[in-house]
Structures are given as structure tokens and as C-alpha cells.
Amino acid sequence: MNERDSEAVAALLRDKGYSIVSDESYADIILLNTCSVREQAEQKAIGKAGYITARKRRNPNLVVGIMGCMAQNKGDALVDKLPDLDLIVGTQKFHRVPDHLDHVIASLNGLGPKPDTIVDIEEEKDSQNTIRSHQADQNQVSAFVSIMQGCNMKCSYCIVPKTRGSERARPMNEIVDEIKELADKGTKEVTLLGQIVNQYAVREFPFVDKKSPFVQLLEKVNAIDGIERIRFTSPHPVGFKDDLIECYDRLPKLCEYLHFPMQSGSNQILKAMRRPYSIEKFCEIIQKLRAIKPDIYISTDIIVGFPGETEADFEATRSVFESLQFDMAYIFKYSVRPDTSAEPLGDPISKELKESRNQTLLNILSASSLARNQSLIGTNQEVLLESPAKRGEGVFVGRTRGYRKVIVPANDRLMGELVTVKITEATTSTLTGELIIAD
Ligand code: 5AD
Ligand code: SF4
């Protein structure tokens, strides 16, 4: 989602005549987009911002801004830490960046008073509709599309409802128009983004024939000419009903891949996390999906070391994690976040224990991911060639429908195309293959 927000800001700036440079050392303006989900991400961003603002001593015309979740979370407090910042822009104000830069630059040119750091972190009605621009001169093979903003859940560990605000959906027709425009410019794959993407517009649009607004949107995207692949992230087990499960059978463009956050395998911990589902319910959804699409690829998010996670709780997570055989997973060590309902519980689980639980799950993941990749050796896979590989000329990186990364030598003119690749080698994270030329 942050990548998408950054891209939308870059597109707005390009429209105003700015150019985007490939390396920050060439830039006159540096905007950092930031994450607050874990403390470490914030520390990293503050370190980076400190390093960049120090360059202003040598180059007073350098403009530096912080955008996104940390800007929203810390606001004015960031100015105390980083007084040389020019701009602090919250999550509902990305579209205001060009105007703010106009003011900063006018003052650098002596055309206006030197402003204090501009801090713009107010809420703004309908700000969800402002993340829609894509860079006009770039043919995106695969594009992100934000369909909503914010989250109304109250997971006890999570800062997102604070930084992103309450759930707000974009109108369905505007999303469809955006995707049609992308398809006209050559985009073949879209990933629909939302904090709880399957909750899309549940308050704004009615269910039709027992189909949720999200399922209705998937149907509309599936009907767009030129779009060949649809993905979405991230769904929540609550609201993951049969109408959505059936889409994997009905909608040919919906890829056999799902990122499905589990967070914990212990019902006690899920309850303490305020995740309103049981682990049995979570497994049942996966079983239904696998019954419909036996070869579906599933990834997840897990937090280890949530306050109160006992050996038995972790063993429950370990055992479910192993039995579900995830193809990919993001495993996080719990980080206390300000103003969350878990904050008063502190951080009683030691760093070492979190690290060892993390490592236990990573080992299981490596084995399941490698086994899945090895099972593909000798098979033909549909691959969308997305970008040149770093390895060298004439080698490309693409993805299978199951989101497995594939490296394949091919001719430049196939960039952005769907091709058939015979898989010859596999590691935990990457497949290598050779192009099958159609007769
Ligand atoms: N500590 C660790 N991980 C977290 N996540 C969210 N909040 C925290 C936190 N306080 C993880 C969840 C979520 C992912 C995006 O980040 O697993 O799904
Ligand atoms: Fe955070 Fe929970 Fe909302 Fe996801 S569903 S963004 S984890 S509060």
C-alpha cells in the first residue's frame, strides 16, 4: 500500500513537470514514505531522515519531507526530532504534496516567507478517492489499485486504524475506470489493495444475490479486456464467505494465490489479539479453497511473542503452521505500538524467545516453500514477464499465477507478455526455467 501511495504522489509530481531520479544523491527533493506497523520501521525511517536532513547543511536548497503512517502517528513530534524537515504529510493528504512543495520552493526562490515545517495530517473526507493516478509514461505490466482506505477492526496490537483512519471505500465505477485505463496502456495484472480488502464497501454498496460488494467488484474487473490476472491483498477471515471462495472457481482471471493473515494458531491468543475468529474457522476456509482449487498457493502473516503467548500457545501456532504448509509467510516479532489496546500489556516476552519462535517457523516455511517449488520442476507454467533480471541481458523476472518468482532468458519483445516456461531449477524463493515456444 505504501508503494502504491508513493507511486501516486510521483505521478502527481510528474504531471506538474517534476522528474523522478533513479538515485537520491541526484535529487533536489526527497520524500520518505513511512510505515509504523513495527517500532523498528519507524526507527529506520527516523535514522534515514536524520541522515538526509544533515545534507541540508551542505545544500540548503535540498527539500526533505516525511509522508505516510509515521508522519500521521508522530505529527509535530517529528519536528522536535528533525527540525530541518520541510514537510510532514499524513496518510489522507498525499495529494496535497504538490501544493506544499510549491510553497516550499517559492520561499527557496525568495518569492515567499520561509515557512516553518509544513505539517498536514488532518483527516479529509473522501481522501480514499485521491489515490488514483498512475505514471502516464510508464507501462506497468502489473499495477496496484487502492480500492479503499482505513480499517474498522480493532486488533489489539495494530496501529493501522490510528494511522489510516476508519474504513472508506472508493466508488466501484471509479475503480473499474482506473483499471480500464491501465489495461488500455498494457497492464495485464492488477492487485486490489485494502486493509481488509474483502470488507470493501460493505456499508456503501448492497449485497446482490448474496454477493458482497467485493465479489461484485471482482466480477467487474474479471470482465475488463486486457486484464489477464487479478490478485488482492489483504483479506480478513471475517467476511471470507462462500461467495468469495466460489470466485476461485468462477472467475478465470483470479489467480490461484491468496495472502491470508492467520496471526496465531492459538484461540486464546487470537482472542487477546481481538481477532474475531477461531483457528478452526481459519483452517476451514483454507480447506474449502483447496477443495475448489487444489493447487492454490497460500501465504500468511504471523506474529510471535504477543504478550502472554505461552509455550502451549506457540506450540499450537507451530503445529497449525506446519500442517497448513504455507507457500510463503511473513513472520513478525511482536512490537508494542502506542495507543493500541495491547499497549498496557507491555512486552513481557524476551527478545531471545521471540527470535527462537521466529526461527522455528522460518525453518518450517523454508521446507514447505522449497518442496512446493521443487514439485514444479519439469512442469510448464504460465509466467508474466515483469522486468529485466539483474543477472544480465536477455534474462527476465516474472511470476507464475501462484506468485512464484521465475527467472527466464527471453527476447526483449516478450517483456510484459504471458509466456509458457518449463521449470528446470528450484530454490526456496526462486524458480528458473526455459521458454517454451508455441508451435
Ligand atoms: N507487532 C508485530 N507485527 C505486527 N503486525 C501488525 N502490527 C504488529 C505489531 N504491533 C503484522 C501483522 C500484520 C502485518 C502487516 O504486520 O501480522 O498482518
Ligand atoms: Fe490492523 Fe487488524 Fe485492521 Fe489488519 S485488520 S489493519 S491487523 S487492525
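Counting starts at 1 for both ligands and their atoms, in listed order.
When only interatomic distances are considered, the shortest N/O to N/O separation between Y334 and ligand 1 does not fall below 3.5 Å. Where the criterion is an N or O separation shorter than 3.5 Å, residue side chain and backbone included, S335 meets it with respect to ligand 1.
Side chain to side chain, D120 and H100 meet the donor-acceptor criterion of an N or O pair below 3.5 Å. For T379 and Q381, the side-chain atoms include at least one donor-acceptor pair closer than 3.5 Å.
Separation of the F260 and F326 ring centroids does not fall under the 6.0 Å cut-off.
Protein heavy atom closest to atom 17 (O) of ligand 1, with residue, atom name and distance, is Q263 OE1, 2.7 Å. The protein atom (non-hydrogen) at minimum distance from atom 16 (O) of ligand 1 is R38 NH1, 3.2 Å. When only non-hydrogen protein atoms are considered, atom 15 (C) of ligand 1 lies nearest to D301 OD2, 3.8 Å. In terms of protein heavy-atom proximity, atom 1 (Fe) of ligand 2 is closest to C158 SG, 2.2 Å. What sits closest to atom 6 (C) of ligand 1 on the protein, heavy atoms only, is V37 CG1, 3.3 Å. The protein atom (non-hydrogen) at minimum distance from atom 3 (Fe) of ligand 2 is C151 SG, 2.3 Å. Shortest contact from atom 7 (S) of ligand 2 to any protein heavy atom: Y157 OH, 3.4 Å.
Below 4.0 Å from some heavy atom of P161 lie the following atoms of ligand 2, by number and element: 8 (S). Residue contact check: R337 has heavy atoms under 4.0 Å from atoms 10 (N) of ligand 1. Proximity to H236 (heavy-atom distance under 4.0 Å) selects the following atoms of ligand 2: 5 (S). Under a 4.0 Å criterion applied to the non-hydrogen atoms of Q195, ligand 2 contributes the atoms 6 (S). Counting atoms of ligand 2 from 1 in the listed order, those under 4.0 Å from a heavy atom of I196 are 5 (S). Each of the following atoms of ligand 2 lies closer than 4.0 Å to a heavy atom of R275: 2 (Fe), 5 (S), 7 (S).
Under 4.0 Å from ligand 1, heavy atoms of Y157 appear from its side chain as well as its backbone. Counting heavy atoms under 4.0 Å from ligand 1, residue K333 touches it through the backbone alone. Contacts between I303 and ligand 1 below 4.0 angstrom, taking non-hydrogen atoms only, involve the side chain exclusively.
For the side-chain hydrogen bond (donor to acceptor under 3.5 Å, both in side chains) with E167, the lone residue among Q149, R203, Q128 that qualifies is R203. For the side chain to side chain contact (heavy atoms under 4.5 Å, CB included) criterion with K253, the lone passing option out of V190, V221, L218, I230 is I230.
For the pair N129 and R170, the tightest heavy-atom approach, listed with the atom from each and the gap, is OD1-CG, 3.4 Å.
Not a single heavy atom of R164 sits less than 4.0 Å from an atom of ligand 2.
The pair D126-R168 does not count as a salt bridge, with every side-chain nitrogen at least 4.0 angstrom from each carboxylate oxygen. Using a 4.0 Å cut-off between charged nitrogen and carboxylate oxygen, E189 and R231 count as a salt-bridge pair. A salt bridge links K93 and E124; the closest N-O separation between the charged side-chain nitrogens and carboxylate oxygens is under 4.0 Å. The pair R401-E256 meets the salt-bridge criterion, since a charged nitrogen lies less than 4.0 angstrom from a carboxylate oxygen.
Taking each of P276, C155, G150 in turn, the one with a heavy atom nearest to atom 2 (Fe) of ligand 2 proves to be C155.
Atom CD of Q359 has more than 12 heavy atoms from other residues, nucleotides or ligands within 6.0 Å.
With T317 contributing its side chain and G265 its backbone, the two residues share a donor-acceptor pair below 3.5 Å.
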